[in-house]
Amino acid sequence: MVTDGTWRNWAGNVTVTPARWQRPGSTAEIALAVQAAAADGLTVHAVGSGHSFTPIAVAPGVALDLSGWTGIVAADTRTGLVTVRSGTRLRELNADLDRLGLALANLGDIDVQTVAGAVSTGTHGTGAKLGGLATQIEALEMVLADGSVVACSELDRPDLFAAARVGLGALGIITEVTLRCVPSFTLAAQEGPEPVEDVIARFGELAAAHDHFEFYWIPNGRNALVKQNNRLPAGQQAAPLSAARRFYEYEVMENAAFGLLCRAGRRAPRIIPRLNRITSAALSRRSYSDHSHRVFTTPRRVRFVESEYAIPAATAPEVLDELRREVPKLADPVMFPVEVRVAAADDIWLSTASGRASAYIAIHQYRGLPYEAYFALFESIVAGVGGRPHWGKMHTLGADRLRELYPQFEAFGKIRNEIDPDGRFTNPYLDRVLGAPHGRRPAGPA
Ligand SMILES: Cc1cc2nc3c(=O)[nH]c(=O)nc-3n(C[C@H](O)[C@H](O)[C@H](O)COP(=O)(O)OP(=O)(O)OC[C@H]3O[C@@H](n4cnc5c(N)ncnc54)[C@H](O)[C@@H]3O)c2cc1C
């Protein structure tokens, strides 16, 4: 969100007033904006929809607003290859793909991010046989620091492609993304409460048994809310929730009523464990089927802060057991559920699932409630199993530790130094997590 030139992220925990804003409407204008920033000695950064919790999108120099750079450029319904402008929001893309009889094979749980913003941080959904959004990229076009426009794919500049699919905004401005889409499909959703001990004990088996498996555990509660989404065979009729039920489930229960509980908990934190037990006991069952993107994504109106780590999938039960033991001992109670998802290993250098089948554990706290001790506890637990933080979600790691966690960390740095030696695309967060590029002093605290 931008007010009087000041940019604020969705969670409200990051703000910046860029030296100037630009709203390019073509690849040529994006290239000109990068060249003009260089001429003025300014850094340049594209801002997406501001849904990262980390200061990754902070643009102290030139902020590029790509909201006028949207829509599908080319689509081949036979191969499923669709080229989209980088500022397109996932929601618009999903609607356009629907009309073409296509869909993304997997999505995260919201659809308001921009395509480039989502892939650049390694945004993912869940599915033991599927990777994050960036694994669905076939090719990229981007503007580099010298203003040149380059394309990359498995065949064309493969190293740049391996780096730039999850590029953190550090390598250039992505202008177009070619995605490998699949024919539209219907997902059958089954959701309901299960005792959390059972879900953790059967974690590997459940993740393997369903196309998309995830669960939420509310600290202090006994139950997990388990979500199992499976593809229906082509042609099978969908049985969606009625508009009224959808409104009740998503707007009333998951947003309005939950927001009310959160506000009550913030006013009187000592009642939070009781509220959590009540919410956990009140979890209900629902099953329905719908277009895939309507099952994957839901509105999120209650604001929170979040941290998420990818850990080796097999370590999830021990990490969750430790969290369950330790979280109730925290002085400040936790008002938001823990979310657990899975992804297949991939070959993208800085993808959080690079080279290993992963479980994602995401922790949240309602905005305005203390979260520091909780997030520090979580980080200390996942550190023991080589946890890698989501690039867009809060964490305290720096380049020294991240270098140990990513076998291709140096290769990424080498490419970055080659194509952006002056750090045109850096910001304080990128200096922290990647190190300052050659020839440039760190940009400041992050
Ligand atoms: C309510 C909520 C739900 C979420 N759910 C999920 C989830 O289910 N799964 C998950 O993995 N994450 C999730 N996230 C995190 C979110 O998907 C990521 O932080 C994502 O990066 C946000 O996209 P954005 O468009 O807001 O990008 P921003 O946060 O604005 O930017 C992210 C990065 O992308 C870069 N960037 C943007 N455009 C370009 C471009 N054209 N070229 C180069 N770099 C660019 C920015 O410079 C920045 O470095 C969620 C976040 C919120 C707030």
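Here the structure is a predicted model, which means the values were calculated and not measured.
Of the listed residues (V182, L179, V82), just one forms a side chain to side chain contact (heavy atoms under 4.5 Å, CB included) with L104, and that residue is L179. Of the residues H212, K227, E339, the one that meets the side chain to side chain contact (heavy atoms under 4.5 Å, CB included) test with T126 is H212.
Classification of E194 and R285 as a salt-bridged pair holds, one side-chain N sitting under 4.0 Å from a carboxylate O. The residues R324 and E197 are annotated as salt-bridged, a charged nitrogen and a carboxylate oxygen being separated by less than 4.0 angstrom. One finds a salt bridge joining D347 and R165 here, because a Lys/Arg side-chain nitrogen approaches an Asp/Glu carboxylate oxygen to under 4.0 Å. Taking a cutoff of 4.0 Å between a charged side-chain nitrogen and a carboxylate oxygen, R245 and E249 qualify as a salt bridge. With respect to R180 and E138, a salt bridge is recorded, a charged nitrogen being found less than 4.0 Å from a carboxylate O. For R286 and E254, the salt-bridge test passes: some basic side-chain N is under 4.0 Å from an acidic carboxylate O. Ion pairing between a basic and an acidic side chain is recognised when a charged N comes within 4.0 Å of a carboxylate O; R401 and E404 show such pairing.
When atom types are taken as modelled, the side chain of S354 and the backbone of T352 share no donor-acceptor pair closer than 3.5 angstrom. In this structure, the side chain of E92 does not engage the main chain of G71 through any donor-acceptor pair within 3.5 Å. With hydrogens and angles disregarded, no donor-acceptor distance shorter than 3.5 Å links the side chain of R294 to the backbone of P240. A donor-acceptor pair under 3.5 Å links the side-chain atoms of N427 to the main chain of I56, judged by distance alone. At least one donor-acceptor pair closer than 3.5 Å links the side chain of Q136 to the backbone N or O of A105. The backbone N or O of L275 sits less than 3.5 Å from a side-chain atom of T279, completing a donor-acceptor pair. Side chain of R301 to main chain of G259: no donor-acceptor pair is present (N/O by atom type, distance under 3.5 Å, no hydrogens or angles). Proximity of a side-chain donor or acceptor of E191 to a complementary backbone N or O of S287 within less than 3.5 Å is not detected. Side-chain N or O atoms of S292 include none that pairs as donor or acceptor with a backbone N or O of L187 at under 3.5 Å. Between the side chain of N220 and the main chain of N276, no donor-acceptor pair closer than 3.5 Å is present.
Residues T121 and S52 have side chains that never bring a donor and an acceptor to within less than 3.5 angstrom of each other. When only modelled atom types and interatomic distance are considered, E379 and T396 share a side-chain donor-acceptor pair under 3.5 Å. Looking at Y360 and E308, their side chains never bring a donor and an acceptor atom within 3.5 Å of each other. Under 3.5 Å, the side chains of N13 and N9 contain a donor-acceptor pair of N or O atoms. D4 and T6 are not linked by any side-chain donor-acceptor pair at a separation below 3.5 angstrom, with hydrogens and angles left out of the test. Side-chain polar atoms of T297 and D109 form no donor-acceptor pair below 3.5 angstrom. For the residue pair T88 and T70, no side-chain donor N or O sits within less than 3.5 Å of a side-chain acceptor on the partner. With no hydrogens or angles considered, a side-chain donor-acceptor pair links T426 and R416 at under 3.5 Å.
The shortest distance between side-chain heavy atoms of D211 and N229 does not fall below 4.5 Å. Residues W21 and L64 fail the side-chain proximity criterion, which asks for heavy atoms closer than 4.5 Å. Here the side chains of I137 and F161 are in contact, with some heavy-atom distance below 4.5 Å. Using a 4.5 Å heavy-atom cutoff, the side chains of P60 and P428 are in contact. Side-chain contact check for L206 versus V199: some heavy-atom pair is nearer than 4.5 Å. A 4.5 Å side-chain heavy-atom check between Y309 and V385 finds every atom pair outside the cut-off. Counting heavy atoms from C-beta on, the side chains of D290 and T186 never come closer than 4.5 Å. Using a 4.5 Å heavy-atom threshold, the side chains of V382 and V319 count as touching.
Nearest approach of G87 to T114, heavy atoms of both residues: O-CG2, 3.7 Å. Among all heavy-atom pairs drawn from W217 and N223, the shortest one is CD1-O, 4.0 Å. For Y250 against P299, the heavy-atom pair with the smallest separation is CB-CD, 4.2 Å. In plain terms, the two heavy atoms of P333 and A331 that are nearest each other are CD-O, 3.6 Å. Nearest heavy-atom pair, V44 versus A37, reported as atom, atom and distance to 0.1 Å: CB-CB, 4.0 Å.
Counting heavy atoms of neighbouring residues, nucleotides and ligands inside a 6.0 Å radius, atom CZ of R222 does not exceed 12 of them.
The side-chain tip of R403 does not point at the ring of F409 from less than 6.0 angstrom away and within 45° of straight on. Geometrically, R303 does not engage Y366 in a cation-pi contact defined by less than 6.0 Å to the ring centre and at most 45° from the axis.
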message = Please evaluate residues R85 and T175 with respect to the criterion side chain to side chain contact (heavy atoms under 4.5 Å, CB included), reporting the C-alpha separation (whole Å), side-chain torsions for both, the decisive distance (0.1 Å), and the verdict.
response = CA-CA 6 Å; R85 295 188 186 97; T175 48; over 6 Å; no
task = Starting from the C-alpha separation in whole Å, work towards a yes-or-no answer on side chain to side chain donor-acceptor pair (under 3.5 Å) for D346 and T135.
result = CA-CA 7 Å; D346 65 50; T135 65; 6.0 Å; no
inquiry  = Could you go through R23 and S67, starting from their C-alpha distance and side-chain angles, then the distance that decides it, and tell me whether this counts as side chain to side chain donor-acceptor pair (under 3.5 Å)?
reply    = CA-CA 7 Å; R23 191 167 181 268; S67 59; 3.1 Å; yes
task = May I have the step-by-step check of side chain to side chain contact (heavy atoms under 4.5 Å, CB included) for M1 and W7, ending in yes or no?
result = CA-CA 6 Å; M1 201 174 90; W7 176 88; over 6 Å; no
request  = Would you check, one step at a time, whether the test side chain to side chain contact (heavy atoms under 4.5 Å, CB included) holds for L133 with H124?
outcome  = CA-CA 6 Å; L133 282 184; H124 61 90; over 6 Å; no
message = side chain to side chain contact (heavy atoms under 4.5 Å, CB included), that's the test. Do L283 and Y216 meet it? Break it down for me.
response = CA-CA 11 Å; L283 293 170; Y216 293 84; over 6 Å; no
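W391 and H395 have perpendicular rings, their planes meeting at more than 60° on a 0 to 90° scale where under 30° would count as parallel. H291 and H293 have parallel rings, their planes meeting at less than 30° on a 0 to 90° scale where 60° marks the start of perpendicular.
Within the model, atoms CD1 of I272 and CG of D332 stand 8.5 Å from one another, a figure rounded to the nearest 0.5 Å. With values rounded to the nearest 0.5 angstrom, Q22 atom CD is found 11.0 Å from L66 atom CG. Between M394 atom CE and Q365 atom CD the span is 10.5 Å, to the nearest 0.5 Å. Once rounded to the nearest 0.5 Å, the distance linking CD1 of I30 with CD of E176 reads 9.0 Å. In this structure, CZ on F375 lies 10.5 Å from NZ on K393, to the nearest 0.5 angstrom. Taking SG of C152 as the reference point, atom CG of L140 lies at 4.5 Å (rounded to 0.5 Å).
A centroid separation of less than 6.0 Å is found between the aromatic rings of F336 and F258. F304 has its ring centre less than 6.0 Å from the ring centre of F53.
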